[in-house]
**Q** 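This is the structure I have questions about; it appears just below.
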Number of protein chains: 2
Amino acid sequence: MGLTKTEIFTQEQNRIADLAKAFAHPARVAILQLLISRKACVCGDLVDELELAQATVSQHLKELKRIGIIQGEINPPRVCYCINPPVWEEAQRAFGALFDTFVPVTCC
Amino acid sequence: MGLTKTEIFTQEQNRIADLAKAFAHPARVAILQLLISRKACVCGDLVDELELAQATVSQHLKELKRIGIIQGEINPPRVCYCINPPVWEEAQRAFGALFDTFVPVTCC
DNA sequence: TTTATTCATCGTAATATTACAATTAACAAA
DNA sequence: TTTGTTAATTGTAATATTACGATGAATAAA
């Protein structure tokens, strides 16, 4: 099918899954890392850094914007992207909390 | 295409993306949470808990095993699953490090 | 006005993912 | 040996994702 049954999961589970998607492709990891390392918001030189077509980079940026973890400021003819702190911190908290719920136990 | 160009990314970026995939579907998040909450390793009652067909659950378990974040112990006719601590901690470290590299700056 | 630059969007092709029914495999118990 | 139970695997259908060329929109500069 390829169609996730979101209705049978909690809102939290669906949100975590969505936030994880921001990191679930190496190109998006690379984009996020670039946006962080160049403290100033990088624009389309992402295309130069990544060996991907401009349309492909734009598509990944769109997905990151949909999730909310980055924001873009139009500054014609350029667009300036950067991490969106509230959502970044939301992800940090959500994953941090999830990771912390596991306490190693002898098992199986 | 649907075919990720893994060769143009670093090993670290590809690994983070792979680890993120463990959390990038709400069913897998639910499975991981169940494996954690029932400290004893749950087996196929995952199928009862999740409103998903057995084959679907098995497929998600296979993906989680591929990533390495869970392990299964065959205990016929049952299989006992649990979190694989080293990989869980690898993910915790990897995401923790990534989250910490971002320091909020005024931007755009 | 024309031209150049940057980036989003559209269209398209190929592969991946999600989901499930049906089957198979592996074993315990009768 | 036969039967029952559990879970993996297979086959299949439908949707999603990834990637890119081409086009379009928006604006600055000439």
Side-chain angles (χ1 to χ4, degrees), chain A residues 1-9 13-14 17-31 34-35 40-67 70-82 108, chain B residues 1-9 13-14 17-18 20-32 34-35 40-67 70-82 108:
Chain A
M1 286 180 171
L3 209 181
T4 295
K5 294 172 81 178
T6 54
E7 68 280 6
I8 66 170
F9 301 104
Q13 286 162 345
N14 282 310
D18 225 33
L19 288 170
K21 278 182 196 159
F23 302 94
H25 191 287
R28 293 196 289 272
V29 173
I31 288 172
L34 282 167
L35 291 183
C41 318
V42 198
C43 317
D45 10 46
L46 292 166
V47 178
D48 301 332
E49 299 273 2
L50 308 170
E51 304 175 42
L52 288 172
Q54 182 263 322
T56 305
V57 174
S58 207
Q59 202 170 257
H60 282 300
L61 288 169
K62 187 179 182 180
E63 174 68 359
L64 290 170
K65 262 190 297 184
R66 182 192 64 78
I67 295 163
I70 69 168
Q71 56 192 154
E73 173 117 335
I74 299 173
N75 201 341
R78 295 153 185 283
V79 179
C80 184
Y81 284 102
C82 59
C108 297
Chain B
M1 286 177 172
L3 209 181
T4 295
K5 294 173 81 178
T6 55
E7 67 281 4
I8 67 170
F9 301 104
Q13 287 163 344
N14 283 308
D18 226 33
K21 279 182 195 159
F23 303 94
H25 191 287
R28 292 197 290 272
V29 173
I31 289 172
L32 293 170
L34 282 167
L35 291 183
C41 317
V42 197
C43 318
D45 10 45
L46 292 167
V47 177
D48 300 333
E49 299 274 2
L50 308 171
E51 304 174 41
L52 288 173
Q54 182 262 322
T56 305
V57 174
S58 207
Q59 202 170 257
H60 283 299
L61 288 169
K62 188 180 182 179
E63 173 68 358
L64 290 171
K65 262 191 294 183
R66 183 192 64 76
I67 295 164
I70 69 168
Q71 57 192 153
E73 174 118 334
I74 299 173
N75 202 342
R78 295 155 186 282
V79 179
C80 184
Y81 286 101
C82 59
C108 297

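Throughout, protein chains are lettered first and strands after them, A, B, ... in sequence-line order, and every chain is numbered starting at 1.
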**Q** Which value, rounded to the nearest 0.5 Å, describes the distance between A:Ile70 atom CD1 and A:Glu63 atom CD?
**A** 10.0 Å

**Q** Which residue, A:Glu51 or A:Lys21, contacts DNA chain D at a nucleotide closer to its 5' end, judged by nearest heavy atom?
**A**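 On the 5' side of the pair lies A:Lys21.
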
**Q** Enumerate all atom pairs, one protein N or O and one N or O from nucleotides 5-15 of chain C, separated by less than 3.5 Å.
**A**
residue: C:dT6; atom: OP1; partner: A:Arg78; partner atom: NH2; Å: 3.3
residue: C:dT6; atom: O4'; partner: A:Pro77; partner atom: O; Å: 3.4
residue: C:dT6; atom: O3'; partner: A:Pro77; partner atom: O; Å: 3.3
residue: C:dC7; atom: OP1; partner: A:Gly44; partner atom: N; Å: 3.1
residue: C:dC7; atom: OP1; partner: A:Val79; partner atom: N; Å: 3.4
residue: C:dA8; atom: OP1; partner: A:Tyr81; partner atom: OH; Å: 2.0
residue: C:dA8; atom: OP2; partner: A:Ser58; partner atom: OG; Å: 2.4
residue: C:dA8; atom: N7; partner: A:Gln54; partner atom: NE2; Å: 2.8
residue: C:dA8; atom: N6; partner: A:Gln54; partner atom: OE1; Å: 3.0
residue: C:dA13; atom: N1; partner: B:Met1; partner atom: N; Å: 2.8
residue: C:dA13; atom: N3; partner: B:Met1; partner atom: N; Å: 3.0
residue: C:dA14; atom: N3; partner: B:Met1; partner atom: N; Å: 2.9
residue: C:dA14; atom: N3; partner: B:Met1; partner atom: O; Å: 2.4
residue: C:dA14; atom: N3; partner: B:Gly2; partner atom: N; Å: 3.4
residue: C:dT15; atom: O4'; partner: B:Met1; partner atom: O; Å: 2.4
residue: C:dT15; atom: N1; partner: B:Met1; partner atom: O; Å: 3.3

**Q** Distance check, rounded to the nearest 0.5 Å: B:Leu35 atom CG versus B:Leu46 atom CG?
**A**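 The CG atom of B:Leu46 is 5.5 Å from CG of B:Leu35, to the nearest 0.5 Å.
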
**Q** Quick check on D:dA19: is either OP1 or OP2 less than 4.0 Å from any side-chain nitrogen or oxygen of A:His60?
**A**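 For A:His60, the contact criterion (side-chain N or O under 4.0 Å from OP1 or OP2 of D:dA19) is met.
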
**Q** To the nearest Å, give me how far apart NZ (B:Lys5) and C1' (D:dC20) are.
**A**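 To the nearest whole Å, that distance equals 9 Å.
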
**Q** In whole Å, what is the span from the CG atom of B:Leu64 to the P atom of D:dA7?
**A**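 The distance from CG of B:Leu64 to P of D:dA7 comes to 16 Å, rounded to the nearest Å.
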
**Q** State the CG-CG distance between A:Leu50 and A:Asp45, to the nearest 0.5 angstrom.
**A**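 Between atom CG of A:Leu50 and atom CG of A:Asp45 there are 10.0 Å.
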
**Q** Rounding to an integer number of Å, can you tell me how far B:Asp18 CG sits from C:dA16 P?
**A**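 Rounded to the whole Å, the gap is 13 Å.
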
**Q** Output the rounded distance in Å from CG (B:Asp48) to P (D:dT5).
**A**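 After rounding, the gap between these two atoms is 14 Å.
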
**Q** Identify whether any heavy atom of A:Leu52 sits under 4.0 Å from a base atom; if not, whether one sits that close to sugar-phosphate; answer base, sugar-phosphate or nothing.
**A** sugar-phosphate

**Q** Expressed in angstrom and rounded to an integer, what is the separation of B:Ile74 atom CD1 from D:dT5 atom C1'?
**A**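 From B:Ile74 CD1 to D:dT5 C1': 15 Å.
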
**Q** Which donor-acceptor pairs under 3.5 Å do the side chains of residues 54-61 of chain B make with protein atoms, sequence neighbours left out?
**A**
residue: B:His60; atom: ND1; partner: B:Arg28; partner atom: NH1; Å: 3.1

**Q** Between C:dC27 atom C1' and B:Asn75 atom CG, what is the distance in whole Å?
**A** 11 Å

**Q** Distance from B:Thr6 atom OG1 to A:His25 atom NE2, nearest 0.5 Å?
**A**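 If I round to the nearest 0.5 Å, the distance is 9.0 Å.
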
**Q** With a cut-off of 6.0 Å (strictly less than), are more than 12 heavy atoms of other residues, nucleotides or ligands near CD1 of A:Ile74?
**A** no

**Q** May I have the distance from A:His25 (atom NE2) to C:dT17 (atom P), rounded to whole angstrom?
**A**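 After rounding, the reported distance stands at 10 Å.
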
